[in-house]
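Only heavy atoms go into these numbers, but all of them, side chains included; no hydrogens, no water, no symmetry mates.
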Amino acid sequence: MTSSDVPPSFRLVYAPGVMPGKWVRVWNERLPGVPLALTQVPAAETGGLLLAGDADAGLVRLPVDRTVLSAIPLYTEQTVVVVPKDHLVTAVDEVSPEDLADEIVLHPLDDVLAWETLPGRPALERPATTADAVELVAAGIGVLVVPLSLARLHHRKDLTHRPLKDAPESGVALAWPEAATTDLVEDFIGIVRGRTVNSTRGRTRPRPSAQEKQEKQEKPGRADKGGAGRRQAAGGPAGRGRRKGAGGTPKNPRRGKPRRGS
């Protein structure tokens, strides 16, 4: 098999916690002949893989380098604090950074939140990954602040989470190399933006074939579909209007006559 015989594929990378499933299903329905290769990579590595040409597009966490990558923001996630189920903060529906002042707040090296000042007290060492930090929370070492999707990704029966207000949030975007906006990239953009299957926005319209041109020329226009027939049925040749007073409902013979006095 030569390289020209290999069917095209679309390579999509995505950060942990980002769920591409709904878009993948639409892709498989619309482009069944184009395999979609999914690869989950650490959030910090998505941009490098795109620029290296190892992926066509990525579902990444913002920010990204807009000088070399095009990006379409998709949504912003809620930030939550992950705690043991018997923790005091579970008594409230929402937590503030001040509520964590006495807590050890774990700060993993793969954190995706852009903190200016981390709330609470720092741990002696930073966990290598969010998964490691979750294990420390379960062991009672501290609490963890993450986007909601990561709290769900690392869910444990002995842990829960609460929304954290006044905290940084993580945005998710579709990104791709600015110099590599291919037709397949445009197809995926259309899917994430909810375009219909018949939309051609962003794609070059295919030139009609000779047969399609002939069929279009032979196809009668709307004005010819029964227009003349309706005029003929109304009486008289097509294209001529009905003379006033000719045919139709007869005039009222009493119209215009003066009323008789009493």
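- T130 meets the side-chain hydrogen bond (donor to acceptor under 3.5 Å, both in side chains) test with D110; sequence neighbours excluded.
- The closest side-chain heavy-atom distance from L150 to V134 is not below 4.5 Å.
- Note on V26 and Y75: same hydrophobic cluster, where clusters join Ile, Leu, Val, Met, Phe, Trp and Tyr whose side-chain heavy atoms are under 4.5 Å apart, directly or indirectly.
- By the side chain to side chain contact (heavy atoms under 4.5 Å, CB included) test, I189 is found to be paired with I72, L174, W176, V185, E186, R193, R195, residues two or more places apart in sequence or in another chain being considered.
- V105 and W115 end up in the same hydrophobic cluster when Ile, Leu, Val, Met, Phe, Trp and Tyr side chains are linked at under 4.5 Å.
- Within the 4.5 Å cutoff, side-chain heavy atoms of L144 are placed close to those of P108.
- Looking only at distances, no side-chain donor or acceptor of K165 sits under 3.5 Å from a matching main-chain atom of E94.
- At least one side-chain heavy atom of F188 sits less than 4.5 Å from a side-chain heavy atom of L36.
- Side-chain atoms of L148 and T79, non-hydrogen and from C-beta on, never get closer than 4.5 Å to each other.
- Hydrophobic cluster of L88: no remaining members, since no ILVMFWY side chain lies below 4.5 Å from it.
- The shortest distance between side-chain heavy atoms of R162 and H87 does not fall below 4.5 Å.
- Listed by first and then second residue, the side chain to side chain donor-acceptor pair (under 3.5 Å) pairs that reach into residues 131-140 are T129-D132, E135-R156, sequence neighbours excluded.
- Rounding to the nearest 0.5 Å gives a distance of 5.5 Å between CG of D187 and CH2 of W27.
- Closest approach of L109 and A128 over heavy atoms only: CB-O, 3.5 Å.
- In this structure N28 satisfies the side-chain hydrogen bond (donor to acceptor under 3.5 Å, both in side chains) test with no other residue, sequence neighbours excluded.
- By the criterion of side-chain heavy atoms lying less than 4.5 angstrom apart, applied directly or through intervening Ile, Leu, Val, Met, Phe, Trp or Tyr residues, V68 is grouped together with L49 in one hydrophobic cluster.
- Within a 6.0 Å sphere centred on CG of D158, heavy atoms belonging to other residues, nucleotides or ligands number more than 12.
- Across L50 and V60, no two heavy atoms sit closer than the pair CD1-CG1, 4.4 Å.
- Of all the heavy atoms in A43 and P16, the pair that sits closest is N-CD, 3.8 Å.
- Remark: V92 engages V95 in a side chain to side chain contact (heavy atoms under 4.5 Å, CB included) (not counting sequence neighbours).
- Residues P84 and T160 come closest through the heavy atom pair O-CG2, 4.2 Å.
- L136 has its side chain within reach of P127: a pair of non-hydrogen atoms, C-beta onward, lies under 4.5 Å apart.
- Side-chain contact between L74 and L59: present, with at least one pair of heavy atoms (C-beta onward) separated by less than 4.5 Å.
- A search for side chain to side chain contact (heavy atoms under 4.5 Å, CB included) contacts involving P73 returns L62, R66, not counting sequence neighbours.
- The heavy-atom pair separating P8 from L184 by the smallest distance is CB-CD1, 4.5 Å.
- Hydrophobic clustering (ILVMFWY, side-chain heavy atoms < 4.5 Å, transitive): L164 and V82 are in distinct clusters.
- In terms of the side-chain hydrogen bond (donor to acceptor under 3.5 Å, both in side chains) criterion, E116 has no residue partners (sequence neighbours excluded).
- For residues 36-62, the side chain to side chain donor-acceptor pair (under 3.5 Å) pairs, not counting sequence neighbours, are R11-D56, R61-E77, R61-S149, R61-S170.
- In terms of heavy atoms, L113 sits closest to P168 at CD2-O, 3.6 Å.
- Counting non-hydrogen atoms of other residues, nucleotides and ligands closer than 6.0 Å to CZ of R126 gives a total above 12.
- Following chains of ILVMFWY side-chain contacts shorter than 4.5 Å, one can reach V34 starting from L38, so the two form part of one hydrophobic cluster.
- Counting only heavy atoms from C-beta outward, the side chains of V83 and T90 approach each other to under 4.5 Å.
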For a quick test of your reading: what N or O donor-acceptor pairs under 3.5 Å do the side chains of residues 17-25 make, sequence neighbours left out?
none

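- A search for side-chain hydrogen bond (donor to acceptor under 3.5 Å, both in side chains) contacts involving T117 returns nothing, not counting sequence neighbours.
- R121 is linked by a side chain to side chain contact (heavy atoms under 4.5 Å, CB included) to I104, counting only residues two or more places apart in sequence or in another chain.
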